Amino acid sequence: MERAELAGWLRLSLTPGIGDSTTRRLLAAFGLPEGVFAQSEAALREVVGMAQAAALLQVPAGLQAQVDQAWQWLHAGDSSNGNGVSRRIVTLGDAGYPTSLLEMADPPPMLYVLGAADFDLTQLGHSIAVVGSRNPTPQGATNARSFARALGEAGLPVVSGLALGVDGAAHQGALEAAGNAPRLATVAVVGTGLDRVYPARHRDLAHRITLQGLIVSELPLGTPPLTQNFPRRNRLIAGLARGTLVVEAALQSGSLITARLASEQGKEVFAIPGSIHSPQSRGCHALIRQGAKLVESVNDILEELPPLRAAGAASPAHQDEDAPQGDASEDPLLEALGFDPVSLDALSARTGWSAAALQAKMLELELDGHVSRLAGGLFQRMAST
């Protein structure tokens with residue numbers, strides 16, 4: 001991208017009153033941004049309103065600083081270790097723009113991309129989004145990681161939002177599946193400029209993603225983590241992926257926004273059910289009632305994406321070692337435990353076992369990966385994925 005071309009796209013994006021939909025109308029009428037700004041006010045008013053036409057004839061305040069910042073970021077690269085991390089700015093006018101986003105009603109005019117240079121953005125539509133709560137239960141975090149790893153082993157890159165909780169676990173699982181293979185493992189769509197990492201505690205994770213994946217934003221460099229930007233970010237998560245898996249979500253959550261947007265875009269929506277007593281399961285249960293596919297194993301997802309199964313579903317030998325295991329018929333205590341969180345006192349009442357005997361047995365089951373220890377002295381059986 002030449003500096004003049006970059007300046008034209010940034011001027012269009014920074015012009016007051018010119019949103020994404022207006023930008024697309026202008027581009028359809030006049031071609032690239034340089035063609036837009038070559039028009040007379042009368043010509044512009046045939047496409048946009050009077051105030052918008054007047055604004056387009058004025059150079060936005062701070063444009064030069066934005067151009068300088070973007071140009072420096074674009075060419076800074078990562079020269080510290082020669083690991084191949086690149087920086088790209090992709091526009092609607094580029095042949096390499098993600099084709100899956102072009103199917104959306106409001107594709108962003110510009111995308112900032114950080115990651116390996118040889119990953120083809122036009123192929124991102126073969127991925128799957130994995131989203132959920134920022135404060136998941138231990139079971140929810142384990143499910144996110146193990147499902148993402150299994151999906152990665154099946155050949156599906158995982159898209160998520162780099163947030164705490166389910167997002168972070170999903171990125172980690174996808175990276176584990178890729179190992180050292182030179183392939184696209186995961187895509188993080190963020191709600192800030194790419195010159196910052198949010199949340200800060202995911203700085204190391206973000207660095208790993210740039211080595212085996214991509215970090216993508218539509219927001220200008222320097223944009224802080226503003227609340228209003230994250231719902232818009234969610235539409236890109238849904239738009240990039242072929243389907244969306246919701247692991248855990250409260251009834252009022254950004255994950256449900258992502259699922260709704262995926263459904264509106266004609267994409268598949270999947271949801272993992274949970275305990276009826278957990279607020280973090282209610283969003284998934286609501287999605288299932290609305291028609292999302294109930295998911296108990298990764299094959300429930302892969303059978304809905306038949307063109308992608310050829311990549312090879314994960315075999316039992318390649319399942320995440322952290323994935324829940326166990327069969328209730330093999331142990332009467334697991335049958336008594338059920339799938340909802342339970343205290344030792346309640347379990348003692350069900351089984352007649354002493355507290356000491358239960359503690360010893362629960363420790364054994366926990367070490368074997370059959371039981372998860374929760375806050376408040378509760379235990380929960382880990383269902384097989």
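One is the number of the first residue; the rest follow in order along the sequence. Every value quoted in this text rests on a predicted model; they were computed, and no experiment measured them.
Judged purely by distance below 3.5 Å, without hydrogens or angles, the side chains of Asp68 and Gln64 pair a donor atom with an acceptor atom. At a cut-off of 3.5 Å, with distance as the only test, no side-chain donor of Thr244 or Glu268 sits close to an acceptor on the other residue. A donor-acceptor contact under 3.5 angstrom links the side chains of Ser133 and Gln280, judged on distance only. Donor-acceptor pairing under 3.5 Å is recorded for the side chains of Thr122 and Asp120.
Thr210 places no side-chain N or O within 3.5 Å of a backbone atom of Gly115 that could act as its donor or acceptor partner. Ser278 places no side-chain N or O within donor-acceptor distance of the main-chain N or O of Ser275, the cut-off being under 3.5 Å. Side-chain N or O atoms of Arg24 include none that pairs as donor or acceptor with a backbone N or O of Pro109 at under 3.5 Å. Checking side-chain atoms of Asn234 against main-chain N and O of Gly254 turns up a donor-acceptor pair under 3.5 Å. Between the Thr142 side chain and the Pro138 main chain, a donor and an acceptor come within less than 3.5 Å of each other. For the pair His171 (side chain) and Leu162 (backbone), a donor-acceptor distance under 3.5 Å is present. Side-chain atoms of Ser40 come within 3.5 Å of backbone atoms of Ala43 as a donor-acceptor pair (strictly under, hydrogens ignored). Side-chain N or O atoms of Ser281 include none that pairs as donor or acceptor with a backbone N or O of Ile276 at under 3.5 Å. The main-chain N or O of Ser297 is found under 3.5 Å from a side-chain atom of Asp300 such that the two form a donor-acceptor pair. A donor-acceptor pair is defined here as one N or O able to donate and one able to accept, closer than 3.5 Å; such a pair exists between the side chain of Gln39 and the backbone of Gly35.
Taking CG of Asn135 as the reference point, atom CG of Leu164 lies at 8.0 Å (rounded to 0.5 Å). Separation of atoms CD1 (Ile272) and SG (Cys284) is listed at 7.0 Å; rounding is to 0.5 Å. Taking CG from Leu121 and CZ from Arg88, the interatomic distance works out to 4.5 Å, rounded to the nearest 0.5 Å. Rounding to the nearest 0.5 angstrom, the gap separating the CG atom in Leu302 from the CG atom in Leu156 is 6.0 Å. Rounded to the nearest 0.5 angstrom, Leu74 CG and Leu194 CG are separated by 11.0 Å. The line from CE of Met110 to OG of Ser13 is 5.5 Å long, rounded to the nearest 0.5 Å.
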Check: Passes side-chain contact (heavy atoms from CB on, under 4.5 Å), Gln139 versus Asn143? Steps please.
Finding: CA-CA 6 Å; Gln139 183 68 65; Asn143 283 341; 3.1 Å; yes
Check: Are Thr186 and Leu175 close enough, and set up right, to give a side-chain contact (heavy atoms from CB on, under 4.5 Å), and what steps lead you there?
Finding: CA-CA 7 Å; Thr186 188; Leu175 290 168; 4.1 Å; yes
Next item on the list: For side-chain contact (heavy atoms from CB on, under 4.5 Å), just list the numbers for Leu44 and Gln52, CA-CA rounded to whole Å, side-chain angles, deciding distance to a tenth of an Å, and then say yes or no.
Entry: CA-CA 8 Å; Leu44 291 171; Gln52 293 171 314; over 6 Å; no
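A heavy-atom distance below 4.5 Å is found between the side chains of Pro98 and Leu111. Side-chain contact check for Leu32 versus Trp9: some heavy-atom pair is nearer than 4.5 Å. A heavy-atom distance below 4.5 Å is found between the side chains of Val197 and Arg203. Pro220 is not listed as a side-chain neighbour of Gln69, based on a closest heavy-atom distance of 4.5 Å or more. When side chains are defined from C-beta on, Phe37 does not count as touching Leu57, because their heavy atoms never get closer than 4.5 Å. By the 4.5 Å heavy-atom criterion applied to side chains, Val130 and Phe147 are not counted as neighbours. Looking only at side-chain heavy atoms (C-beta outward), Val36 and Thr23 stay at 4.5 Å or farther from each other.
No single ILVMFWY cluster, assembled from side-chain heavy atoms under 4.5 Å apart, contains both Ile288 and Ile301.
The pair Lys293-Glu304 meets the salt-bridge criterion, since a charged nitrogen lies less than 4.0 angstrom from a carboxylate oxygen. Ion pairing between a basic and an acidic side chain is recognised when a charged N comes within 4.0 Å of a carboxylate O; Glu218 and Arg235 show such pairing.
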With a cut-off of 3.5 Å and sequence neighbours excluded, list every side-chain donor-acceptor pair involving residues 226-233.
unit_1 : atom_1 : unit_2 : atom_2 : d
Arg232 : NH2    : Asp20  : OD2    : 3.0
Arg233 : NH1    : Gly161 : O      : 3.0
Arg233 : NH1    : Val189 : O      : 3.3

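By the 6.0 Å contact criterion, CD on Gln265 is enclosed, its count of non-hydrogen atoms from other residues, nucleotides or ligands being greater than 12. More than 12 heavy atoms of other residues, nucleotides or ligands sit less than 6.0 Å from atom CZ of Phe30. With a 6.0 Å radius and a threshold of 12 heavy atoms from other residues, nucleotides or ligands, Arg134 has its CZ atom at or below the threshold.
A cation-pi geometry, defined here as NZ or CZ lying under 6.0 Å from the six-membered ring centre and within 45° of its normal, does not hold between Arg87 and Tyr112.
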